[in-house]
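Working notes for the structure below.
Excluded from the calculations below are hydrogen atoms, water molecules and symmetry mates; all remaining heavy atoms, backbone and side chain alike, are included. Remember, predicted model here, so these are calculated numbers, not experimental data.
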Amino acid sequence: MRKGSTVQKVLLPVAKSTKPASKKKDEDEDPGEGWDEWAQGKALIKPPDQLELSEAELKEEITRILTANNPHAPQNIVRYSFKERSYKPTSAVDQMAVHFVLEGSLLHEDSDEARRLRAKEGLPEETATVDTGVEPDEEEPETSDTPVEDGQEVEEAGEEDRPDSVASKTDRKEPKVTNQFNFSERASQTLNNPLRERSCQTDPPPRGTFTATATQWDIYDAYVEELQKQETNKEKQKAVASKKDNDKGKKKTLLMETQTDDITKVGKASKIFERMVNQNTFDDIAQDFKYFEDASDEFRDQEGTLLPLWKFQYDKAKRLSVTALCWNKKYQDLFAVGMGSYDFSKQGRGMLVYYSLKNSAYPEFIYPTLSGVLCLDIHEQHSYLVAVGFYDGCVAVYNNKEDGSEPMYKSTAKTGKHTDPVWQVRWQSDDMDNNHNFCSVSSDGRVVSWTLVKNELVFTDIIRLSLNAAVSEGPEQQPGIACGTSFDFHKQIDYLFLVGTEEGKIHKCSKTYSSQFLETYNAHSMAVDAVKWNHFHPKVFISCSSDWTVKIWEHTINTPMFTFDLNAAVGDVAWSPYSSTVFAAVTTDATVHIFDLSINKYEAICQQPVVAKKKTKLTHIEFNPIYPIIIVGDDRGYVSSLKLSPNLRKKPKVKKGQDQPKDSEMEEAKMEKLLSLLREPEQSTV
């Protein structure tokens, strides 16, 4: 009772006092006393079923890991897959569990949106307070009255008196609002799109009813008719095959459906891919071919070098010699190589292969032959045609556009083939009937013109070579046949040509005057291996022989203008396509000799061995018509490509003030200047 009376004494004066009085009393009262009374009034009550645990069990820590996975979520949900036409379990399972959802819109009383809402509705700020049914003056002492025991109202009173509080900013007399939020509901309704239906109707497919009675005789007749069709198809196939064997030039009269291999479908793509891989593998060589220029030429005295580039080889032609080389005039990266043997005691098969600078690993075309190839020539306008001469005396024409390894045209004993090896073939311009034709020379002494007429080769003897000046006529007079080894036609005069013989003589002949030689030059002491007209000067030609010499002639003079001794048998010689005074020769000691008469009239400006093995003999050489490279063939079946240094392909400089002449005129004048220096002494003596 004493305790209760004290409480009453405390409560009574507080009820009548104002806020400043209660605040002052709280400041005077000791806070420690109230804390002791509150602590004494609290007591721990244990439930009767609580476990009794020891100190060690109470100190033991039990760790529980909470995961985001829902243990009640189903794990065996399956959905139907239209792609695989089966039910497939779904891997994604929703792990979220919703316990309570309350949708509403709450706005804070002091927020800008709440103020705009009040202003819109026209409500004063005092109406926002919650009406509890008690006046504000009466509510204040009760609210401040009860917390005297726990000491919390002191803090609230202090907050209200702070100058930075919200209430102090708005209005000091505004009563405290118990609920700090305004409730406002908003709702909106979206427009639903009207439903539309589309339908179409198709006409039913036409139907027909067919009925028939099949007897054993009807079935038998159907089988017999099918067998007859198969037999007729087989006969047509045999007839077409026999026509192809007899003559490949005939057009196909019947198209047969043949099953193509899978490899042929990707043949073009695989060839392009092979070229890409090969160019990546030999990228350094490709860079040298395009960009490298030997800077050391500036320090050499008019001398040059050869840079080795690609080396071409075919495994099945290792034991064969390179007997012919020819560039394609239309596709300047493509050249043909003839394979055979110059050892006449070991004659056998041959081969015609095409190589490209884009792929040195494998030939573009391969044509195996029964006899060794000794010469070839590619047509200038129709670059897919190549004329080939064989050791057995036959000549043939291959077409790169046609499939197969057989020639399109081939001479036989009935069609006037040569009786000895064919040493040279050359394409000529088309005749009056626009038929392609080419010429050949052989050891049997005949120079023959071959014309491609429809499906056969038609031959015409141009001239027969003899040992004396007169040409042999008829079988009664046979003083002796001269063996032709090489020939070349004039670049400007179609009917004029030169023929080199095994006896070392060179004959100047004409197509229109075949009964006698126009001129005979005592050129060499051994067989003439090559004779070629100059590309620019119409009067100059060059010859080489196994007697170690290379000679340059003017066809109006019987004696040579230049003579060069190379100390080894000369296999081949070639004029350069860019200069009238530059030519190259290959010798059997595996050396390439390059001369420029405008720089040095006595010695070569480049002598370089191009083969590692000493016993290897070089057989042929050819200049590329555009790029500054040469190709060289040897007797082991290898073809090497070499790049000319800048000193080996110099062009004459034009003096200031002079008009730029044409290349052909300039080159012709350069050669004419050299020849005039040699003609002057002869004219002075006369």
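- Between Cys483 and Ser443, the closest heavy-atom pair is SG-O, 3.3 Å.
- In this structure the side chain of Ile378 reaches within 4.5 angstrom of the side chain of Tyr354, judged on heavy atoms.
- At least one side-chain heavy atom of Leu642 sits less than 4.5 Å from a side-chain heavy atom of Val610.
- In summary, the side chains of Ser645 and Asn647 do not present any donor paired with an acceptor at a separation below 3.5 Å, with no hydrogens or angles considered.
- Here the options are Glu293, Lys643, Gln608, the test is side chain to side chain contact (heavy atoms under 4.5 Å, CB included), and the partner is Leu307; only Lys643 passes.
- Taking CZ from Phe497 and SG from Cys439, the interatomic distance works out to 7.5 Å, rounded to the nearest 0.5 Å.
- Contact of the Phe289 side chain with the Ile629 side chain is registered, since non-hydrogen atoms from C-beta on lie closer than 4.5 Å.
- Remark: Lys551 is not positioned above the aromatic ring of Phe564, lacking an NZ or CZ atom under 6.0 angstrom from the ring centre and at most 45 degrees off the axis.
- Using a 4.5 Å cut-off on side-chain heavy atoms (C-beta onward), Val425 and Val388 make no contact.
- Residues His524 and Ser543 have side chains that bring a donor and an acceptor to within less than 3.5 angstrom of each other.
- A donor-acceptor contact closer than 3.5 angstrom links the side chains of Ser598 and Asp596.
- Considering only residues two or more places apart in sequence or on other chains, Ala286 meets the side-chain contact (heavy atoms from CB on, under 4.5 Å) condition with Trp310.
- Val540 has its side chain within reach of Ile552: a pair of non-hydrogen atoms, C-beta onward, lies under 4.5 Å apart.
- Counting heavy atoms from C-beta outward, Asn328 and Asp333 have side chains that stay 4.5 Å or more apart.
- His593 NE2 to Ile605 CD1: the interatomic distance, rounded to the nearest 0.5 Å, is 13.0 Å.
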Subject >> CA sep, side-chain torsions, deciding dist, call: Glu622, Lys532, salt bridge (charged side-chain N to carboxylate O under 4.0 Å, His left out) >> reply: CA-CA 12 Å; Glu622 280 291 334; Lys532 294 181 181 179; 3.6 Å; yes

**OP:** Could you walk me through whether His379 and Trp427 pass ring-ring contact (aromatic ring centres under 6.0 Å, His included), step by step?
**Re:** CA-CA 6 Å; His379 202 286; Trp427 283 103; 4.8 Å; yes

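- The side-chain heavy atoms of Ser579 and Lys670, taken from C-beta on, include a pair separated by under 4.5 Å.
- Taking the six-membered ring where tryptophan is involved, the planes of Phe335 and Tyr355 are tilted, since the angle between them lies from 30° to 60°.
- In the model, Thr501 has no side-chain atom that pairs as donor or acceptor with a side-chain atom of His507 under 3.5 Å.
- Counted by atom type alone, Trp423 and Ser442 present zero donor-acceptor pairs between their side chains at under 3.5 Å.
- Met351 and Thr369 make their closest contact through N-OG1, 3.4 Å (heavy atoms, listed as atom of the first residue, atom of the second, distance).
- Under a 4.0 Å N-O distance rule, the pair Arg275/Glu364 qualifies as a salt bridge.
- Taking the six-membered ring where the residue is Trp, Phe489 and Phe487 present perpendicular rings, their angle passing 60° and hence far from 30°.
- Side chains of Ser486 and Asp529: a donor-acceptor N/O pair is absent below 3.5 angstrom, by distance only.
- In summary, of the residues considered (Ile630, Ile631, Leu376), a side chain to side chain contact (heavy atoms under 4.5 Å, CB included) with Leu325 occurs for Ile631 alone.
- Classified by interplanar angle (parallel below 30°, tilted 30° to 60°, perpendicular above 60°), the ring pair Phe541/Trp533 is perpendicular.
- Ring orientation note: the planes of Trp450 and Phe438 are close to parallel, at an angle under 30° on the 30°/60° scale.
- Between Ile542 and Val550, the closest side-chain pair of non-hydrogen atoms falls below 4.5 Å.
- Classification of Arg446 and Asp444 as a salt-bridged pair holds, one side-chain N sitting under 4.0 Å from a carboxylate O.
- Cation-pi check for Lys401 over Tyr384 is met; the charged atom lies under 6.0 angstrom from the ring centroid and within 45 degrees of its normal.
- For Lys88, the salt bridge (Lys or Arg N to Asp or Glu O under 4.0 Å) partners at least two apart in sequence or on another chain are Glu84.
- Using cut-offs of 30° and 60° on the angle between ring planes, the pair Tyr367 and Tyr398 is tilted.
- Within the cation-pi definition used here (under 6.0 Å to the ring centroid, within 45° of the axis), Lys410 qualifies as a partner of Phe390.
- The residues Asp488 and Arg426 are annotated as salt-bridged, a charged nitrogen and a carboxylate oxygen being separated by less than 4.0 angstrom.
- Formation of a donor-acceptor pair under 3.5 Å by the Asn624 side chain with backbone atoms of Pro628 is not found in this model.
- Heavy-atom contacts from other residues, nucleotides or ligands closer than 6.0 Å to CG of Leu227 number more than 12.
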Subject >> Chi angles and distances behind the ring-ring contact (aromatic ring centres under 6.0 Å, His included) call for Tyr362, Tyr314 >> reply: CA-CA 7 Å; Tyr362 198 78; Tyr314 184 45; 5.7 Å; yes

